[in-house]
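Below: the structure, in structure tokens.
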There are 2 protein chains.
Amino acid sequence: MSESHPTIGIGALARRAGCQPETVRYYEHIGLLHEASRTEGGQRRYGEEAVRRLTFIRHARDFGFSVEAVRELLAMSDRPDMCCDEVDALAKHHLEEVESRLQRLAALRDELQRMLGECAGGKVESCRIIEVLSDHRLCDSDTAHGGAHDLGEPPAARRS
Amino acid sequence: MSESHPTIGIGALARRAGCQPETVRYYEHIGLLHEASRTEGGQRRYGEEAVRRLTFIRHARDFGFSVEAVRELLAMSDRPDMCCDEVDALAKHHLEEVESRLQRLAALRDELQRMLGECAGGKVESCRIIEVLSDHRLCDSDTAHGGAHDLGEPPAARRS
DNA sequence: CCTAAACCCTGTAGCAACTACAGGTTCAAG
DNA sequence: CTTGAACCTGTAGTTGCTACAGGGTTTAGG
């Protein structure tokens, strides 16, 4: 309702949503955030609405939704009279992915624990860890660790 | 012992280790695999040792070890009389990371389940999922989902 | 021996989702 | 009015590959 004047700088906006100014510019660039109004000198100025939108984005990202999923969620939340089936479906789908990642990650943990438990701490020559890594048959094959890709490795960048 | 003649083509090597020829060239490029010998026409030819090495790499990668960690593991496995403490430490460190990812992923799953359970299926306006995403305070804050980054999202590419 | 298919080569660009500069401009406090 | 923090654009880097384009090589069959 209340359209606050755009007085918030990009740094303050970023701080309030817990991210970096670069990330804000990036979100604008890929169209998650609308183009901000500018001062005469060309600097971006935001209002409270932008804070809400960015917070939503960051929060959804923290939940593990991909940028494309966030884009859909934003589009849906912009249409309040829509039926929320799609939102529900998106969240369900995401939950399924999370659950399958959880299972494989748990299998991986078990295998790592087993490896570590069996390593007697001698020479590399007889190291159980190296052996297991060398030979797939030494794994508990029931609970196959299905490839790090689908488990998700931490992406390169982590925010400080 | 038996130094097999290098007769295996890059495609066959890749197939035996469960990856793509491009991946093999990439590993060579970043120095995980030694430079292969070549035919007169310039094509790479490999022996059984390369199969073992590549299999080790793929397996360690499947375990979620980063390429840099794999590089260290390879260096260690190349020195059989070394004490395997470092291997052990690397694996332990990795296990810790896996466990912390597991915990956050579990918290995330709970939150998603809660969100889904509370969504009554009406209009977006009153959608519990959108609400939770909009407002951090609606989360169970004890078991905070700590950012998708550290949970790891599935990287873009998945092998077929 | 010849040809066609299957394989291989290099090099570059692309994916996600940002982060990190460089080299300059603008704003706000004192 | 000066200073320094904040901001601007644009490009390149990160991880771990994958996907081309535009060629050359190998090999099996006839």
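Heavy atoms only: backbone and side chains are in, while hydrogens, waters and symmetry mates are out. Below, chains carry the letters A, B, ... as their sequence lines are ordered, and counting in each starts from 1.
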Legend entry - Candidates C:dC18, D:dT18, C:dC27 - which lies nearest the side chain of A:Y26: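 Among the listed nucleotides, the one closest to the side chain of A:Y26 is C:dC18.
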
Whole-Å distance between [N] [atom2] and [X] [atom1]?
X: A:L33; N: C:dA17; atom1: CG; atom2: P; answer: 15 Å
X: A:L54; N: C:dC18; atom1: CG; atom2: C1'; answer: 14 Å
X: A:L13; N: D:dA6; atom1: CG; atom2: P; answer: 15 Å
X: B:H29; N: D:dG16; atom1: NE2; atom2: P; answer: 14 Å
X: A:R61; N: C:dT19; atom1: CZ; atom2: C1'; answer: 14 Å

Inset, instruction - Check whether any side-chain heavy atom of A:T55 lies under 4.5 Å from a side-chain heavy atom of A:R16, and answer yes or no. - result: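 Side chain of A:T55 against side chain of A:R16, heavy atoms only: no contact under 4.5 Å found.
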
Legend entry - Backbone N/O of B:L133 and side chain of A:H59: donor-acceptor pair under 3.5 Å: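 Judged by distance alone, yes, a pair lies under 3.5 Å.
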
Inset, instruction - If a protein heavy atom is under 4.0 Å from the base, mark B; if only from the sugar-phosphate, S; if neither, -; do that for nucleotides 8-13 of chain C going 5' to 3'. - result: SSB---

Can a side chain N or O of [X] be found less than 4.0 Å away from OP1 or OP2 on [N]?
X: A:Y27; N: C:dA17; value: no
X: B:T23; N: D:dT18; value: yes
X: A:T39; N: C:dC27; value: yes
X: B:R58; N: D:dC17; value: yes

Inset, instruction - Just jot down the side chain to side chain contact (heavy atoms under 4.5 Å, CB included) partners of B:D85, sequence neighbours excluded, or say none. - result: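 So B:D85 forms a side chain to side chain contact (heavy atoms under 4.5 Å, CB included) with B:C83.
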
Legend entry - Option passing side-chain contact (heavy atoms from CB on, under 4.5 Å) with A:I129 (candidates A:V124, A:L112, A:L116):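 The passing option is A:L116.
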
Legend entry - Under 3.5 Å side-chain donor-acceptor pair for A:E99 and B:Q113: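 Yes, B:Q113 and A:E99 have a side-chain donor paired with an acceptor closer than 3.5 Å.
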
Inset, instruction - With DNA chain D as reference, determine whether B:E68 or B:E40 sits nearer its 5' end, using the nearest nucleotide of each. - result: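 Counting from the 5' end, the first nearest nucleotide belongs to B:E68.
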
Distance-only donor-acceptor hits, side chain of residues 23-33 of chain B, under 3.5 Å, sequence neighbours excluded:
residue : atom : partner : partner atom : Å
B:Y27   : OH   : B:R58   : NH1          : 2.6
B:E28   : OE1  : B:R44   : NE           : 2.9

Inset, instruction - Take A:R45 and A:Q43, measure what side chain to side chain donor-acceptor pair (under 3.5 Å) needs, and give me the verdict at the end. - result: CA-CA 7 Å; A:R45 287 297 119 99; A:Q43 299 197 354; 2.9 Å; yes

